[in-house]
2 protein chains.
Amino acid sequence: MNECLFIHLHSILKGVMARKIDNDKLVRIKKATMKTIVDRGIEKTTIAMIAKNANVSGGYLYRLYSGKQALIDELYFDKVVSINNELEILINSNPTSVTAIVTAFIKNRINYAVNKPEASKFYYQLLHNNNFKVDKSLKERNLLLIENLKSIGQKSGEIGKNINILQIHFHLFIYVVDYINFKKVNNFGIETINNNDVIYLTENILNILKKDN
Amino acid sequence: MNECLFIHLHSILKGVMARKIDNDKLVRIKKATMKTIVDRGIEKTTIAMIAKNANVSGGYLYRLYSGKQALIDELYFDKVVSINNELEILINSNPTSVTAIVTAFIKNRINYAVNKPEASKFYYQLLHNNNFKVDKSLKERNLLLIENLKSIGQKSGEIGKNINILQIHFHLFIYVVDYINFKKVNNFGIETINNNDVIYLTENILNILKKDN
DNA sequence: AATGTATGAATAAACATTCATTCATTAATA
DNA sequence: TATTAATGAATGAATGTTTATTCATACATT
């Protein structure tokens, strides 16, 4: 007993690991989850399929995630957080110009859609799925960022007096993502999203936000 | 064999029915399907739940539909067809004004969202689900309608030269639906969609379509 | 009595999740 | 250095649940 305990503590302190963790595995699982959901839809995606696409045994997923819902949740929430982080950085580095912030934000969305099509489509699907909602604190953080943006715009005259938070949120976070996805999916599979779309979307949004209704 | 055939034809000709069909059933099933999907999401919706909500036996659904997918498909396609019918009527009755068509179209979408919230939310969910795509002929019909709208707008000067079909489609069929749903869902459950939104959305869309990029 | 409507228990397939087992790696020992 | 013991990583067959679908039966109407 004592000896056993000793050996155990010893091995912990020494950092003993019976087998090197294949660090790639987590990445493979994340990619496979997104790819499978994009290819087949959430309803038809099974743990077995994800595991197969990730070259991992079925049971192994449960070592890293408590279940299917948790796995998808985490991937989605990560993405939502990182988009908000991004917006925060853009606001802090352009404290007087909504145009600059929106332009950069849209540019990032388009780059993301082009460079990480799987992740981008995955995010788009979950954005419109009622079973995956972000939690309250995340929503509140987002509202605060939009408030910041609004006050910048009202000082500079880029945002009209009667524009409200939800209108800004909708056009920045939903309109843009939907438009990009729509254009990619519908143009006969040819990826036509490009820098012209940055200008197009930015102008549309700024006009909408400027206008007093 | 002959006799059997005779009896069958006879019963058809005479309109013999062993039991009066409960005509309400089909309506109940349709409503229950939409409600269940809106409440729980497509993934978590089962035939058993739909049947229970419709006060119908589980097996009875298979008398009217070949299966779950066919049931949902049909409800969705019906809606897509009726929206296109509606647009066609609006185009025919306003052959020179895009503004009139778009205003009426948006008014209808908002009325629909307010008066048939369940059906409206159901449509919204399927609009963004990859597993439910409308077939080619329906897509083509829609494109033709949009072409009509475009040529009206280019004669009247309401639609810019460089605007393409997909841009018109996106703003009329996706932007509007998404905005209405977003406003309904996010305003803390209070239904704030009203006639001001008709003006707001119409102005936004017409500005976007007018602008030459 | 004849016949189509409607039921819901039974069936079989699909699925998420678990867990006994195997495997790879390292530390300790000789 | 070679061997062994210990440990946690990883597996995948087994489990139990959920689900869509079927079908033998009961029911209502003419």
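Both backbone and side-chain heavy atoms feed into the values below; hydrogens, waters and symmetry mates do not. Sequence lines set the chain letters: A, B, ... in the order given, protein chains first and strands last, and positions in each chain run from 1.
One atom, CZ of Arg40(A), and another, C1' of dA14(C), lie 12 Å apart when rounded to the nearest Å. Remark: C1' of dG8(D) and NZ of Lys25(A) are 13 Å apart, rounded to the nearest angstrom. Atom CG of Leu64(B) is separated from atom C1' of dT5(C) by 11 Å (rounded to the nearest Å). If you take OH of Tyr65(B) and C1' of dA20(D), they are 17 Å apart, rounded to a whole angstrom. Asp24(B) has its CG atom 11 Å from the P atom of dA6(C), to the nearest Å. Rounded to whole angstrom, the span from the CG atom of Leu61(A) across to the P atom of dG12(D) amounts to 13 Å. Counting to the nearest Å, the P atom of dT21(D) and the CD1 atom of Ile50(B) are 11 Å from each other.
Annotation: cation-pi pair Lys79(A)/Tyr112(A) present, NZ/CZ under 6.0 Å from the ring centroid and within 45° of its normal.
Considering Ile168(B), Asp178(B), Asn142(B), Val80(B) in turn, Asn142(B) is the only one that fulfils the side chain to side chain contact (heavy atoms under 4.5 Å, CB included) rule with Phe173(B). Among the candidates Asn108(A), Leu145(A), Asn92(A), the single residue satisfying the side chain to side chain contact (heavy atoms under 4.5 Å, CB included) test with Leu87(A) is Leu145(A).
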List the atom pairs, with distances to 0.1 Å, where a side-chain N or O of residues 98-107 of chain B and a protein N or O form a donor-acceptor pair under 3.5 Å, not counting sequence neighbours.
| from | atom 1 | to | atom 2 | distance (Å) |
| --- | --- | --- | --- | --- |
| Thr99(B) | OG1 | Glu158(B) | OE2 | 2.5 |
| Thr103(B) | OG1 | Thr99(B) | O | 2.6 |

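For dT5(C), the OP1/OP2 oxygens have a side-chain nitrogen or oxygen of Arg63(B) closer than 4.0 Å.
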Salt bridge (Lys or Arg N to Asp or Glu O under 4.0 Å) assessment of Asp135(B) paired with Lys139(B): CA-CA 6 Å; Asp135(B) 56 281; Lys139(B) 259 188 189 166; over 6 Å; no

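A salt bridge is defined here as a Lys NZ or Arg NE, NH1 or NH2 lying under 4.0 Å from an Asp or Glu carboxylate O, and Lys30(A) with Glu118(A) fails to meet this definition.
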Would you list the protein and nucleotides 15-19 of chain C atom pairs, both N or O, that sit under 3.5 Å from each other?
| from | atom 1 | to | atom 2 | distance (Å) |
| --- | --- | --- | --- | --- |
| dA16(C) | OP1 | Ile47(A) | N | 3.4 |
| dA16(C) | OP1 | Lys68(A) | NZ | 3.2 |
| dA16(C) | OP2 | Ile47(A) | N | 2.9 |
| dT17(C) | OP2 | Tyr62(A) | OH | 2.7 |
| dT17(C) | OP2 | Lys68(A) | N | 3.0 |
| dT17(C) | O5' | Tyr62(A) | OH | 3.2 |

